[in-house]
2 protein chains.
Amino acid sequence: MADVLFKALADPTRRTILDELAEKSGQTLFEICSRLSTRHRLGISRQAVSQHLAVLEAAGLVETRREGRCKFHDLNTAPLRRITERWPTPDTPDTPEPEKSTP
Amino acid sequence: MADVLFKALADPTRRTILDELAEKSGQTLFEICSRLSTRHRLGISRQAVSQHLAVLEAAGLVETRREGRCKFHDLNTAPLRRITERWPTPDTPDTPEPEKSTP
DNA sequence: AGGATAGGCAAGTGTTCACTTGCCTATCAA
DNA sequence: TTGATAGGCAAGTGAACACTTGCCTATCCT
């Protein structure tokens with residue numbers, strides 16, 4: 001369950017892909033490839049990026065929509081919230097209440 | 001930099017250790033070992049747990065303090081906040097303000 | 001139809017990683 | 001001092017993983 005999420009975040013290339021999708025939503029596979037190459041100096045094959053996107057999609061971090069022969073990718077940050085919810089910090093509760101107990 | 005943090009979170013055993021430290025702070029290595037064995041049915045050697053704790057400490061997720069021959073481990077959730085800060089959600093800003101814009 | 005664009009499937013390879021085994025050091029109690 | 005407890009260091013092994021290479025399918029344009 002949570003395994004795929006953390007495994008997906010474990011790779012630095014995948015995190016860079018999330019950065020790119022956060023900056024520009026709805027990119028295609030080739031668009032991500034060229035931006036990884038030009039902006040991040042990542043010499044990586046198209047298939048490698050495709051596999052990374054599959055992992056990110058399995059983790060729920062990326063959602064896709066097809067239009068013809070193009071496949072657009074969108075970032076979904078919702079699964080990230082489960083991380084801070086699992087180990088909540090006393091100062092920052094995951095269910096914030098408008099109440100002050102520790103001044 | 002962030003690599004050690006995400007690599008540390010990638011392993012399910014390490015996440016279970018964080019769960020245990022979140023429940024009971026200041027546990028020793030042997031205490032963690034026995035709780036992993038009895039409460040989580042994890043048949044794992046003491047050295048394996050020690051290596052996991054070293055990874056978690058390198059990521060800043062676990063802080064240690066020595067007293068004689070005992071070493072106590074404490075959870076530090078501060079590095080986890082960098083995750084949600086890296087990919088902020090429009091609905092949940094990382095700097096929450098007491099204001100309602102989307103009812 | 002035919003080429004070009006956008007993407008998918010599958011096997012092979014090298015590296016990283018989790019875990020074990022074996023031995024060693026340091027502190028505490030008798 | 002001797003034995004027991006708490007932990008550390010280092011090499012070795014097997015499996016998971018990132019990446020490549022090669023080929024195949026589907027859509028769009030002329």
Side-chain angles (χ1 to χ4, degrees), chain A residues 1-21 24-38 40-59 61-74, chain B residues 1-21 24-38 40-59 61-74:
Chain A
M1 280 298 179
D3 230 82
V4 280
L5 172 61
F6 289 101
K7 287 272 172 70
L9 290 170
D11 189 81
T13 304
R14 280 196 286 268
R15 295 195 297 272
T16 308
I17 291 176
L18 294 182
D19 290 337
E20 276 302 319
L21 289 180
K24 184 168 183 291
S25 193
Q27 297 189 58
T28 67
L29 172 59
F30 278 76
E31 202 171 350
I32 297 172
C33 281
S34 65
R35 285 172 76 113
L36 285 180
S37 171
T38 57
H40 299 277
R41 311 284 180 202
L42 280 180
I44 199 177
S45 73
R46 175 183 60 88
Q47 283 78 0
V49 179
S50 179
Q51 288 170 0
H52 281 312
L53 286 171
V55 174
L56 290 172
E57 192 175 1
L61 290 167
V62 162
E63 290 175 348
T64 61
R65 51 197 158 88
R66 257 224 129 99
E67 284 183 23
R69 60 178 167 178
C70 289
K71 194 179 182 183
F72 301 102
H73 301 264
D74 296 286
Chain B
M1 280 297 178
D3 230 83
V4 281
L5 171 62
F6 289 101
K7 287 273 173 68
L9 290 170
D11 189 81
T13 305
R14 280 196 285 267
R15 294 196 297 271
T16 307
I17 292 176
L18 293 182
D19 290 337
E20 276 302 317
L21 289 180
K24 184 167 183 289
S25 192
Q27 296 189 58
T28 67
L29 171 60
F30 277 77
E31 201 170 351
I32 296 172
C33 280
S34 65
R35 285 172 75 114
L36 286 181
S37 171
T38 56
H40 300 275
R41 310 286 182 204
L42 282 180
I44 199 176
S45 72
R46 175 183 59 86
Q47 285 79 359
V49 179
S50 179
Q51 288 169 2
H52 281 312
L53 286 171
V55 174
L56 290 171
E57 192 174 1
L61 290 167
V62 162
E63 291 174 348
T64 61
R65 51 199 158 85
R66 256 224 129 99
E67 283 182 25
R69 59 177 168 179
C70 288
K71 192 179 181 184
F72 301 103
H73 301 264
D74 296 287

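Chain letters run A, B, ... following the sequence lines, proteins first and then strands; every chain starts at 1. Just so it is clear, the structure is predicted and the values come from calculations on it, not from any experiment.
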When the side chains of residues 42-56 of chain A are checked against the rest of the protein, which donor-acceptor pairs come out under 3.5 Å, sequence neighbours left out?
unit_1: A/S45; atom_1: OG; unit_2: A/A48; atom_2: N; d: 3.2
unit_1: A/H52; atom_1: ND1; unit_2: A/R14; atom_2: NH1; d: 3.1

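- Annotation: side chain of A/T64 is not in contact with side chain of A/F72 (no heavy-atom distance under 4.5 Å).
- As rounded to whole Å, 15 Å separates atom P of D/dA15 from atom NZ of A/K7.
- Atoms CD (A/E67) and P (D/dC28) sit 10 Å apart, rounded to a whole Å.
- The distance from atom CG of A/L36 to atom C1' of D/dC19 is 14 Å, rounded to the nearest whole Å.
- Atom pair A/H52:NE2 and D/dA18:C1' shows a separation of 6 Å (rounding to whole Å applied).
- Once rounded to the nearest 0.5 Å, the distance linking NE2 of A/H40 with CD of A/E20 reads 4.0 Å.
- Look at CD on A/Q51: it is 14 Å from C1' on D/dA16, rounded to the nearest Å.
- When the C1' atom of D/dA18 is taken as reference, atom CG of A/L56 falls 13 Å away, rounded to whole Å.
- Between B/Q27 and B/H73 the shortest side-chain heavy-atom distance does not fall below 4.5 Å.
- Map B/R46 and A/R46 each onto its nearest nucleotide of DNA chain D; the residue landing nearer the 5' end is B/R46.
- Using a 4.5 Å heavy-atom threshold, the side chains of A/D74 and A/R65 count as touching.
- Contacts between chain B and DNA chain C, taken as any atom within less than 4.0 angstrom of a protein heavy atom, begin and end at C/dC17 to C/dC28.
- Taking the side chain to side chain donor-acceptor pair (under 3.5 Å) definition, one finds that B/K7 meets it with B/D3, sequence neighbours left out.
- Spacing between atom CG of A/L29 and atom P of D/dT27 amounts to 17 Å, rounded to whole angstrom units.
- Along DNA chain D, the nucleotide nearest B/T28 and the nucleotide nearest A/I44 are compared for position; the residue whose nucleotide lies closer to the 5' end is B/T28.
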